[in-house]
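Data block below; observations after.
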2 protein chains.
Amino acid sequence: MRSKHVPDESIWQMDDVSDSPSDQGRLAAEKIAEQIQDLIIKQDLAEGERLPAERELARMLSTSRPTVSQAIRILVIRGLVESRRGSGAYVTRRPEAGLAATVNLMVSLNRESVQHLNVLRLALETTGIAQAIECGTEDELDAGAQALEQLRDSVGDTAAWMSADTRFHTTLVRASHNPYLSSIFESVHSTLIDYEYRTWIERGVVPQWLQSSEAAAVTALHEPILQAVVDRDEEAARVAVREHHDVMAQHLAASHE
Amino acid sequence: MRSKHVPDESIWQMDDVSDSPSDQGRLAAEKIAEQIQDLIIKQDLAEGERLPAERELARMLSTSRPTVSQAIRILVIRGLVESRRGSGAYVTRRPEAGLAATVNLMVSLNRESVQHLNVLRLALETTGIAQAIECGTEDELDAGAQALEQLRDSVGDTAAWMSADTRFHTTLVRASHNPYLSSIFESVHSTLIDYEYRTWIERGVVPQWLQSSEAAAVTALHEPILQAVVDRDEEAARVAVREHHDVMAQHLAASHE
DNA sequence: GAGCCTAAGTGGCTAGGCCACTATAGCGCC
DNA sequence: GGCGCTATAGTGGCCTAGCCACTTAGGCTC
């Protein structure tokens, strides 16, 4: 019912002449998506703001509704718009999800090299934790300590342990305040965890290292990481993360034999 | 005219009952896209193979053509399908392109985050080059040396310099033989280069550091990187890459003031 | 005043069709 | 027989028109 007092119709006056020769091969919906995207980037469309209805947008841009619909769905995929059926399309600014999704897809397409993924994980976590030591707040490091407690308590319960493990690592890396690092790391980490979980299921056994004594040993590997973070000791963190990585690498190597 | 002898219609027998409760909130086109994506991942659809026509797919999956079209366009965005007007939709396996696009978008939304992107670049390049020192062949390191020569020769020519710079770094990281590292690094690197290029254009000036003496100084930063790689000296490489990164960081900081 | 209820508005999806473009089979020419 | 051209069927891009499920807000009842 946003009839009277339309806020800023002028914004939607766009160049519909398709003059630019660079737009030659591109699709109509893509061009419209880019125009809207530019408005979002330039903050002419604020976060949370509602876009005009598809029918109205189609009228404004002198195109058809399916084309506008197409454009909006492109923006949804890019994490710039959230479409709510019966309500409207609203501006968001969360493209990070797309990053993680792409990394996940790359792994799915190229499944053989888990070790390579583990190397990537080491690089991201080392840097992430180093940055966390530099910029992380006390609260954030505290959250890491809590996650570690959960990890200790859930030795023996595979699902809970995996969940706590994920929380421990992602919490620390997120404390780096680096969105690129965080989202890629999370996607890589969860892929590795998933991979291990699946190989266990395939073999029908819970791996020894998640049973009693071994689990405690693996859990213990997390202690020096947290300690180094709390002490804000970058070098110690590097070593601790690397040790955790090496043990991981051994397990992964053992898993595909 | 692929009428008689359809290869494998059975593959397209999908569960159209929408039984899975996890698919509840998801859109129809998205579900179809995921089904086709699974076929591509499982290699039931080989690279280069042509998908059935949209009309036929709609019939097979008992849905409408726009929905199928939508699904295919989702896969195009993910880099899993290439759609050729008048010909058909063909399977590809290039999700890396989407990575670069997403990273670009993130930088556009929050230009200050380039510094974070540069940190990611440092992490990836450090690890990539360390791995290259471990596993790279002589030929691959040779290619790096050639790229460095090109870099020296193209001081003064912005476009050529950027191209040679890209080739130098990507060649070395690719020598790690780690596909995840390589493709993510390339996306990050190209985004950073693009960002710098864009800021120059906006200011209407070629930055000083690409003019004569400064350019030579920046180019010189690449020498110790190559030297360390040739010597297979990991520690020296780490230092050299870090120095290159620090200078980058200064330029980036200067760019958004 | 609180709660329900109705109706307008919205995006999701379908149907059917036109157009520009592509690829190929078959024809005619050499 | 080999080659090039053309007619034609097939393709994806786009449009018009419309129905449906869902959301939302305003007004109505109690």
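Proteins get letters first, then strands, A, B, ... in listed order; numbering begins at 1 in each. Since the structure is predicted, the reported quantities are computational estimates derived from the model, not experimental observations. Both backbone and side-chain heavy atoms feed into the values below; hydrogens, waters and symmetry mates do not.
In this structure, A:Arg59 places its CZ atom 15 Å from C1' of C:dG9, rounding to the nearest Å. In this structure, A:Lys31 atom NZ and D:dC14 atom C1' are separated by 12 Å, rounded to whole Å. Residue A:Arg65 contributes atom CZ, which lies 16 Å from atom P of C:dA15 at whole-angstrom precision. Atom OH in B:Tyr90 sits about 15 Å away from atom P in D:dG10, given to the nearest Å. Atom pair B:Ile72:CD1 and D:dC14:P shows a separation of 14 Å (rounding to whole Å applied). The distance from atom CG of A:Leu57 to atom P of D:dC15 is 14 Å, rounded to the nearest whole Å. When the C1' atom of C:dT14 is taken as reference, atom CD1 of B:Ile32 falls 12 Å away, rounded to whole Å. The separation between A:Arg84 atom CZ and D:dC22 atom C1' is 13 Å, rounded to whole Å.
Within the structure, a side-chain polar atom (N or O) of B:Arg50 is placed less than 4.0 Å from OP1 or OP2 of D:dT11. A close approach under 4.0 Å does not occur between any side-chain nitrogen or oxygen of B:Ser87 and OP1 or OP2 of C:dT22. At D:dC14, none of the side-chain N or O atoms of A:Thr63 fall inside 4.0 Å of OP1 or OP2 (strictly under the cut-off).
Here the closest heavy-atom approach between residue B:Ala143 and residue B:Arg167 is recorded as O-NH2, 4.3 Å.
Listed nucleotides D:dC14, C:dC13, D:dG12 differ in distance to B:Glu54; the shortest reach to its side chain belongs to D:dG12. Proximity note for B:Ser64 (side chain, C-beta onward) versus C:dG12, D:dT16, C:dA15: the nearest is C:dA15. For A:Ala53, counting side-chain heavy atoms from C-beta on, the closest listed nucleotide (D:dG12, C:dT10, C:dC13) is C:dT10.
Looking at B:Thr171, its side chain never comes within 3.5 Å of a backbone N or O of B:Gly144 through a donor-acceptor pair.
Donor-acceptor pairing under 3.5 Å, judged by distance alone, is absent between the side chain of A:Arg85 and the base of C:dG9. Side-chain atoms of A:Arg55 and base atoms of C:dG9 include no donor and acceptor less than 3.5 Å apart.
The number of heavy atoms from other shown groups lying within 6.0 Å of CZ (B:Arg198) is above 12.
Heavy-atom distances to DNA chain D give each of A:Gln70 and B:Gly88 a nearest nucleotide, and the one nearer the 5′ end belongs to B:Gly88.
Look at A:Arg59 and A:Glu56 and you find a salt bridge, because one of the NZ, NE, NH1 or NH2 atoms lies within 4.0 Å of a carboxylate O, short of that distance. Using a 4.0 Å cut-off between a side-chain N of Lys or Arg and a carboxylate O of Asp or Glu, A:Glu82 and A:Arg94 do not qualify as a salt bridge.
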